[in-house]
Enquirer: 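Please see the structure below; I have some questions.
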Protein chains: 2
Amino acid sequence: MKLQQLRYLSEIARQQLNLSKAAEALHTSQPGISRQIQLLEQELGVEIFIRNGKRITKITPPGQAILEIARRMLQDADNLRRVGEEFNDKESGSLVIATTHTQARYALPPIIKRFIERYPKIRLTLRQGSPTEISTWVASGEADLAIATEAIELFDELIMLPCYQWNRCIVVPPQHPLLEQEKLTLESLAQYTIITYDFAFTGRSKINQAFESRGLQPNVVLTAIDADVIKTYVEIGLGVGILAQMAFDPVRDKGLRAIDAAHLFEPSTTRIGISRSCYIRSYIYDFIEMFAPHLNTETIKQALVHPQRQEPA
Amino acid sequence: MKLQQLRYLSEIARQQLNLSKAAEALHTSQPGISRQIQLLEQELGVEIFIRNGKRITKITPPGQAILEIARRMLQDADNLRRVGEEFNDKESGSLVIATTHTQARYALPPIIKRFIERYPKIRLTLRQGSPTEISTWVASGEADLAIATEAIELFDELIMLPCYQWNRCIVVPPQHPLLEQEKLTLESLAQYTIITYDFAFTGRSKINQAFESRGLQPNVVLTAIDADVIKTYVEIGLGVGILAQMAFDPVRDKGLRAIDAAHLFEPSTTRIGISRSCYIRSYIYDFIEMFAPHLNTETIKQALVHPQRQEPA
DNA sequence: GCGATTTACGCATTTCGTAAACATC
DNA sequence: GATGTTTACGAAATGCGTAAATCGC
């Protein structure tokens, strides 16, 4: 059994069982891949793929089990290299952060600024996606950290650490009637057309919950995955926006007015997700601590070993 | 990076950093090992061993980290082979049970009888040791299951599943004064010399606790790791024995009398320990269920994924 | 017939074992 | 000098790429 064979196997699965694509992705020849997979199947005494004549159509059940273990081994192989890097030069390496628009645009910039000043030699990558996507990336080792509010998928592989809580605000154009109202209520809000986050993004479920618990049916005319889009449509008078407080900046958003809505919706918790099987280099601990100062190295290590669902601090 | 190199590394560590011994254990040549380790160090860019001239004296900190990951990879390699076996022939394979004397002698025999009737082709091995030893074996993959009462060491690697609870009894020679007593108390018991389990074995700590909570200091004249030794010395009049109820058989132990002591000591829980990173073949699930019927395959899988400390049923 | 996988074959690299040199105790 | 590690070198095995054959849609 060779690590190469496992690499081939993993790539074939990633390429929807297409040997040729896998060969291309790995910069090698198809026959080589074919051969090594056969050897692996022979050694394990199991058919990994179901072949229809010469076409690979499916993974067998044992193949699935093998694939999972193989992927973990490959990740460990990466981890070994990381250990090497870590002790060679603690200042260089790479960090891939998978996150949503809201975090990337409003929460992360100051942290990232500090981080690249502290670690100028580290190649930092931001990868933007939906909560589901970023969970997948971290679980598969394509990214090191997931940062998002809301339903980060609960992979057993992932440890979720609560970072901070935040509340919402309502944004409206200047001279909007809601600005006159003494204390904002859900009922008055429900009288207007609403623009807010797409489901599955940025704590949207808390918004739904709040309305539902009062028996209200909000008239959501547009859902977006980011606050900038929401603000744009509020500005042109399409409706009132509900968004994260941190996404409103009185200076930059001069054409809009914000109303605090902390009392209307449950606060949401932004979490950071790490893979349990990933070797965590010191600068990764540092990054997490910059983002959430209560998460120091020791705390994180504890959480990795005892992965009970982490509650908000 | 080759799996061979990791195998070499792991074996060197196991052989107290003796290359030659490692080579012998792996049926290969010393120079080969030496070379491959150098290549590995070169590839990772890290010194794994500290050398005093040409003698290997210690593992470096990065070496330690590398060793741990390497061991997990090797276990995964074993797991791959197991998956192969599992789907090839679910009836054959091997099962190594690490356990203590008490379990091996009194609790396991009927289970094992059933198991080998059901799976005649499986090579079953019983490996006897102290709770510490058996934990180590399972954590390192040398054994598949640990079965013991009492302080099985709490490796994070190990999941402990409660199987059953049991109580103690007192054994004395016939016509012993304690047999006349209406209801046995710790105070009366403390007046006699006592023979019981060695510390760290078979729930011994519960016995100490009971006496201590009453401020009594039992006069323990002999500690043994198994009930047979205890009974032998009770028989020759050295003292009264405290042992597990299951270890007393009125028929076989004709020369002794037992007195129930369930009210004197906290019941102990016998647990079964499995390694979180071990691929569990179907017959292993079956074995566990034979031993503790409430632990079915689903329950065990749950516990492996959510490894909160399992409480007695 | 086109796309995809397997078989065949020769080259290049790597690995391993023996022998010898070298270092430490 | 004994034990233990590294260096040197030749033989065997293995992996890889090109070319060709085979198969399925």
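Sequence lines set the chain letters: A, B, ... in the order given, protein chains first and strands last, and positions in each chain run from 1. All figures in this text were calculated on a predicted structure; none of them were measured in a lab.
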Enquirer: How many whole angstroms separate atom CD of B:Q36 from atom C1' of D:dT7?
Expert: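 One finds 15 Å between C1' of D:dT7 and CD of B:Q36, rounded.
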Enquirer: Would you say that A:L145 contacts A:V138 through its side chain, given a criterion of any heavy-atom pair below 4.5 Å between the two side chains?
Expert: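 No, their side chains stay 4.5 Å or more apart.
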Enquirer: Taking OP1 and OP2 of D:dT14, is either one under 4.0 Å from a side-chain nitrogen or oxygen of A:R35?
Expert: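 For D:dT14, neither OP1 nor OP2 has a side-chain N or O of A:R35 closer than 4.0 Å.
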Enquirer: Using the rule side chain to side chain donor-acceptor pair (under 3.5 Å), only one of A:S277, A:S140, A:S135 pairs with A:E157; which is it?
Expert: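 Among A:S277, A:S140, A:S135, the one meeting side chain to side chain donor-acceptor pair (under 3.5 Å) with A:E157 is A:S277.
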Enquirer: Can you give one letter per nucleotide of nucleotides 18-25 of chain D, going 5' to 3': B for a protein heavy atom under 4.0 Å from the base, S for sugar-phosphate only, - for none?
Expert: BB--BSBS
Enquirer: Hey, are A:N296 and A:Y285 close enough side-chain-wise for a donor-acceptor pair under 3.5 Å?
Expert: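 Result is no, nothing qualifies.
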Enquirer: Could you tell me how far apart A:L40 (CG) and D:dT14 (C1') are, to the nearest whole angstrom?
Expert: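 After rounding, the reported distance stands at 16 Å.
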Enquirer: Any donor and acceptor pair, going by atom type alone, linking the side chain of B:E133 with main-chain N or O of B:S130 inside 3.5 Å?
Expert: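 It does hold such a pair.
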Enquirer: In this structure, how many angstroms lie between the P atom of C:dT5 and the CD1 atom of A:I48, rounded?
Expert: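 About 15 Å, once rounded to whole Å.
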Enquirer: Considering only heavy atoms from C-beta outward, does the side chain of A:C278 approach that of A:Q75 to under 4.5 Å?
Expert: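 Side-chain contact under 4.5 Å: yes.
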Enquirer: Going by heavy atoms in the side chains, are B:D144 and B:I97 under 4.5 Å from each other?
Expert: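 No. Closest side-chain heavy atoms not under 4.5 Å.
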Enquirer: Whole angstrom is fine here: how far is it from CZ in B:R51 over to C1' in C:dC22?
Expert: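 Atom CZ in B:R51 sits about 15 Å away from atom C1' in C:dC22.
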Enquirer: Does atom NZ (B:K58) have a neighbourhood of more than 12 heavy atoms from anything else shown, all under 6.0 Å?
Expert: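 Atom NZ in B:K58 is not crowded, with 12 or fewer foreign heavy atoms closer than 6.0 Å.
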Enquirer: Which whole-number value in Å describes the distance from A:I37 CD1 to C:dA4 C1'?
Expert: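 One finds 15 Å between C1' of C:dA4 and CD1 of A:I37, rounded.
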Enquirer: Looking at A:Q64, I want to see if its CD is surrounded by more than 12 non-hydrogen atoms of other residues, nucleotides or ligands under 6.0 Å.
Expert: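 Counting other residues, nucleotides and ligands, CD of A:Q64 exceeds 12 neighbours.
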Enquirer: Return the value, rounded to whole Å, for the distance between atom CD1 of A:I50 and atom C1' of C:dA4.
Expert: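 Checked: the CD1 to C1' distance equals 18 Å.
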Enquirer: Tell me: NZ of B:K2 to C1' of C:dT13, nearest whole Å?
Expert: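 That distance rounds to 10 Å.
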Enquirer: Are B:K2 and B:R7 packed together at the side-chain level, in the sense that at least one heavy-atom pair is separated by less than 4.5 angstrom?
Expert: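 No, side chains not in contact.
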Enquirer: Please tell me if B:S34 has a side-chain N or O lying less than 4.0 Å from either OP1 or OP2 of D:dT6.
Expert: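 So the side-chain polar atoms of B:S34 do come within 4.0 Å of the phosphate oxygens OP1 or OP2 of D:dT6, strictly under.
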Enquirer: In whole angstrom, give the distance that lies between atom CE of B:M1 and atom C1' of C:dT14.
Expert: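 Those two atoms, CE and C1', are 17 Å apart.
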Enquirer: At less than 4.0 Å, is any side-chain N or O atom of A:Q38 found next to OP1 or OP2 of C:dT7? Yes or no.
Expert: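 Yes, A:Q38 has a side-chain N/O under 4.0 Å of OP1/OP2 on C:dT7.
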Enquirer: Give the residues of residues 3-20 of chain A touching DNA chain C, defined as any heavy atom closer than 4.0 Å, sorted by residue number.
Expert: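 Within residues 3-20 of chain A, the residues near DNA chain C are A:L17, A:N18, A:L19, A:S20.
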